[in-house]
Colleague: 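Have a look at the structure that comes next, please.
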Amino acid sequence: MHSIKEQKNNNVFPPDFQWGVATSAFQLEGSPNADWTTWDPVLGDFPQITNHYDEFREDLKLLKDLGANSYRFSLEWSRIQPRPDTWDYEAIAHYQEIIDILRAYNIEPMVTLHHFTHPRWFLERSPWHRTTSIEKFLRYTEMMVSTLKNVRYWITFNEPYVVLIGGYLDGCMPPGLKDVPRSLVALKNIFTCHGKAYDIIHNYVPDARVSVAHNMSVFAPWKNWNPLDRLLKKSANYFYNHSIINAFQTGIFIVKFPFSRPVEIEVPIKDKLDFFGVNYYTRIHLRFNPFKKMGVELRYLDREGHGLTNIGWEVHPRGLAKVLRYASRLNLPLIITENGIASHDTEQKVKFMKQHVDVVERCLKNGLDVRGYYYWTLIDNYEWLQGLDARFGLYRVDFKTLKRSPTSAATYYAYLIQSRSRI
Ligand code: GAL
């Protein structure tokens, strides 16, 4: 039983609100041909991670048991196109089967084309800082959109800024570079792909709904009295939350790194969005520190007593309202494409979910056009920089036996969905 009191009636969630769960293919199933497979030594011992590639039918039943009406998942490009000139039709049929099962369960699929991983050949021959990346990604996109049936919701890129920061500035993700000029070329190429993929998808699926899933964050100065910390907060906010929204409105990215001149990059993405996908997790405190990379040190601080997660992130529910309000300047439907917590303590997970869904409820009451909430994630999985112990799942996975067991967060999410779907 949950110790949390529920409010009844006054349901503001519209009947077609998308109650979903989000996953990504690589984090559940690995892939022999992906760049990350050899990037992280942890995967040497767990190449199939949860073995979802074989057990997907059972996992989709878990999703159905929750009562979710939507499911966001990704296609593992490196399984589909293991070599530049080879399409693996069995892999494509595999993902089509997922879609067919979802449709049979009355669950709306939302398909992500790119969720961090690449085929190894792509990174070796046409990484994002080369112009050939565009043609390669669009070929893959067209192949998927022309082949997969019954998909209306498409996410082109999951967290493109994370790909750029992790892969090109911080070096903690493939291709592992720390190279500002190349990061700007990669940004142009990735968003050019989004713009063109948007058109390709609409050519094949006229009533498609297309977006990116952008991670929005709340930033705060580490020390409020310090003007440099405040300046960093402003710059981070501008870059993370504002520059992308502005680019979708104008077709121009304005990249301003602290203490340097702004760079303008033209990209063909003006109005190439049908909704805006927001991934939201936490608030980040920033401090100016000349001994750190780019002069920035970041921390997660438990300033309001909501606690930190198992991977140290601050739980900051009202930040969700803040980013949604900010994103609403796009005048488009908003979908929370990811929100979740890494915790071994399932009561903490339940509380996190309740607090964030309460915020969504308040946003709806205040007139924001929020159309969906996707909890991250269905079952415990591989978490990019934290390996196998981050525990975001509604269902717990024992990585030795691969057995899935429900946590009380699964029961609670099912209850939430049911009670909020009541008319
Ligand atoms: C997001 C990412 C997911 C997942 C989640 C939890 O940034 O899209 O793949 O890892 O964070 O950290």
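For ligands, and for the atoms within them, numbers begin at 1 and follow the listed sequence. The figures that follow rest on heavy atoms only: side chains count, while hydrogens, waters and symmetry mates do not.
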Colleague: Show the atoms of ligand 1 that are less than 4.0 angstrom away from any heavy atom in F392.
Modeller: 6 (C), 12 (O)
Colleague: For H115 and ligand 1, answer yes if some heavy atom of the residue is under 4.0 Å from a ligand atom, otherwise no.
Modeller: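 Within the 4.0 Å threshold, so yes.
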Colleague: Do F392 and Y281 have side chains that get closer than 4.5 Å, going by heavy atoms?
Modeller: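 With C-beta onward as the side chain, the pair touches.
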Colleague: Salt-bridged, D199 to K272, with N to O below 4.0 Å?
Modeller: yes
Colleague: Looking at R391 and D389, is there a salt bridge between them, counting it only when a charged N and a carboxylate O are closer than 4.0 Å?
Modeller: yes
Colleague: To which protein heavy atom is atom 5 (C) of ligand 1 closest, and what is the distance rounded to 0.1 Å?
Modeller: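 Sorting protein heavy atoms by distance from atom 5 (C) of ligand 1 puts Y281 OH, 3.2 Å first.
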Colleague: Identify, for atom 7 (O) of ligand 1, the protein heavy atom at the shortest distance, and state residue, atom and that distance.
Modeller: E159 OE1, 2.5 Å
Colleague: Does the distance from a Lys or Arg side-chain N to an Asp or Glu carboxylate O, for D229 and R287, drop under 4.0 Å?
Modeller: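 Result for this pair is no, no salt bridge flagged.
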Colleague: Compute the minimum heavy-atom distance from Y161 to ligand 1 and say whether it is under 4.0 Å.
Modeller: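 No, Y161 has no heavy atoms under 4.0 Å from ligand 1.
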Colleague: With a cut-off of 4.0 Å, which atoms of ligand 1 are near a heavy atom of W313?
Modeller: 12 (O)
Colleague: Looking only at distances, can you tell me whether any N or O atom of S24, backbone or side chain, sits closer than 3.5 Å to an N or O atom of ligand 1?
Modeller: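 Among all N and O atoms of S24, none is under 3.5 Å from an N or O of ligand 1.
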Colleague: State, to 0.1 Å, how close P32 and R79 come at their nearest heavy-atom pair, and which atoms those are.
Modeller: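 Answer, listing the atom of P32 first, then R79: CD-NH1, 4.3 Å.
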Colleague: Does a side-chain N-to-carboxylate-O contact under 4.0 Å join R362 and D358?
Modeller: no
Colleague: Look at atom 2 (C) of ligand 1 and say which protein heavy atom is nearest, naming residue and atom and giving the distance to 0.1 Å.
Modeller: E338 OE1, 3.4 Å
Colleague: I'd like to know whether ligand 1 has N158 as a neighbour, heavy-atom separation below 4.0 Å.
Modeller: yes
Colleague: Where is the nearest protein heavy atom to atom 12 (O) of ligand 1: which residue, which atom, and how far?
Modeller: E383 OE2, 2.7 Å
Colleague: Can E304 and R283 be counted as an ion pair, charged N to O under 4.0 angstrom?
Modeller: yes
